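Since we're looking at a predicted model, the values are computed, not measured. Within every chain, numbering begins at 1; the chains are lettered A, B, ... in the order of the sequence lines, protein sequences first and strands thereafter.
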Amino acid sequence: MSESNASATRITPGNALRPEDIAAADLRPSADVAEYALRLGDDSLILSQRLGWWISRAPELEEDVALGNIALDLIGHARSFLSYAGHGLDKTEDDLAYFRREPEFRCAHLFVQPNGDFARTIARQLVVSHYQFELYSRLMHSTDATLAAIAAKAVKEVDYHRDHSSQWVLRLALGTDESRRRMIAGLKLTWPYVEELFVDDQLIDTLGEAAVRPSTLRAPFDSLISALFAEADLDIPAVPGAVGGGRAGKHSEHLGYLLAEMQVLAREHPGATW
Amino acid sequence: MTGGSTTGDDGSAAPAPAAPEKRQPWPLWEVFVRSSRGLSHVHAGSLHAPDAEMAVRNARDLYTRRNEGVSLWVVPASSIITSDPDAKGQFFESPQGKDYRHATYYTKSDGVKHL
């Protein structure tokens, strides 16, 4: 950007890594790296679709925009990861988003959980943003240069998501009796899906330094959440963990409905552009 | 849930309070953005937020989405004292015709080389 014509309303696109750059680059991820990128991309894609529902429905217009911005950040991350995975699978990001069937998705169960009320959405955001922050701040040192570059871009955005969710947890938990009741209820519904995020499996073993071992994120995650909960006078919900399996394509009843709405237009009009 | 969306609320939300709550609207804040060059903060608009910390976050979301700035101020709108629009005459018309308040009114003396 030229300094001479800067103004208060100057609009610039910036020069950060874009999904289009990844799609256009000549990249050859291994099948394992592509599978790993699918996991990360699907997490963000599915949550983004969930969050989009809030547009026009949040408590205030400003919060519509805040949640919309977060959803758009997540779509950006998903597009980068899926474009990269697509190089290894001979598919485009749209093929992967719109033309895969339910068992082919690799998202963990947390990301597809229903929005519920605002507090439940914030509870889900709290877990996701803290998990993704810990993940990306390590993935940016991956031996895979593309994964590292996507993570380096994403970590700054996720850091803001973390702040957004933490601020709301504090306000809801320390607000009125009603807001506190809803925050506690939202956390209770969310917590069964936390455990799955931190499970290692064979793919992670195979990838070595290219990936981040999910189990290593648990301690820093717990310590950040504990500090926030102490401030908000909240307890970690004592609830059993839900059945996992999302990374292997085993999903709950929620994903099919979400995909139907997300994919219907692309499937009805394949190849349409606008 | 009344809408047609299947990806949103699954009905598990807490039941709505029996009587509609009389909710206080969030207070209004004025937003000032400073662009990347060393310019002053410039008024960009206003927004609603429950408190100062959320106001500056909402300002980030509403007014810096397209790389417009590197610094934000938010000020409670109620803290801004404005001039009276009906007093335009006495406030702002007095300088009219007083050209001698502008440097261009004066001619440069011959002896002054660098001005």
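Looking at A:Trp54, neither its backbone nor its side chain comes within 4.5 Å of chain B, counting heavy atoms on both sides. Within the 4.5 angstrom heavy-atom criterion, atoms from both the backbone and the side chain of A:Ala66 approach chain B. Of the atoms belonging to A:Leu72, it is side-chain heavy atoms, and not backbone ones, that fall under 4.5 Å from chain B. Only the side chain of A:Tyr160 comes within contact range of chain B, with at least one heavy atom under 4.5 Å from a heavy atom of that chain.
At least one donor-acceptor pair under 3.5 Å links the side chain of B:Tyr63 to the backbone N or O of B:Ser46. Looking at A:Gln263, its side chain does come within 3.5 Å of a backbone N or O of A:Arg100 through a donor-acceptor pair. Looking only at distances, a side-chain donor or acceptor of A:His251 sits under 3.5 Å from a matching main-chain atom of A:Phe105.
Every residue meeting the salt bridge (charged side-chain N to carboxylate O under 4.0 Å, His left out) condition with A:Glu20, not counting sequence neighbours, appears here in chain and number order: A:Arg79. By the salt bridge (charged side-chain N to carboxylate O under 4.0 Å, His left out) test, B:Glu30 pairs with no residue at all, sequence neighbours left out.
Highest contact tally toward chain A, considering only B:Glu53, B:Met54, B:His41, is held by B:Met54 [criterion: heavy-atom pairs under 4.5 Å]. Between chain B and the residues A:Asn69, A:Thr121, A:Val112, A:Asp163, the most heavy-atom pairs under 4.5 angstrom are made by A:Asn69. Heavy-atom pairs under 4.5 Å with chain B peak, among A:His164, A:Glu63, A:Arg171, at A:Arg171.
The pair A:Arg180-A:Asp177 does not count as a salt bridge, with every side-chain nitrogen at least 4.0 angstrom from each carboxylate oxygen.
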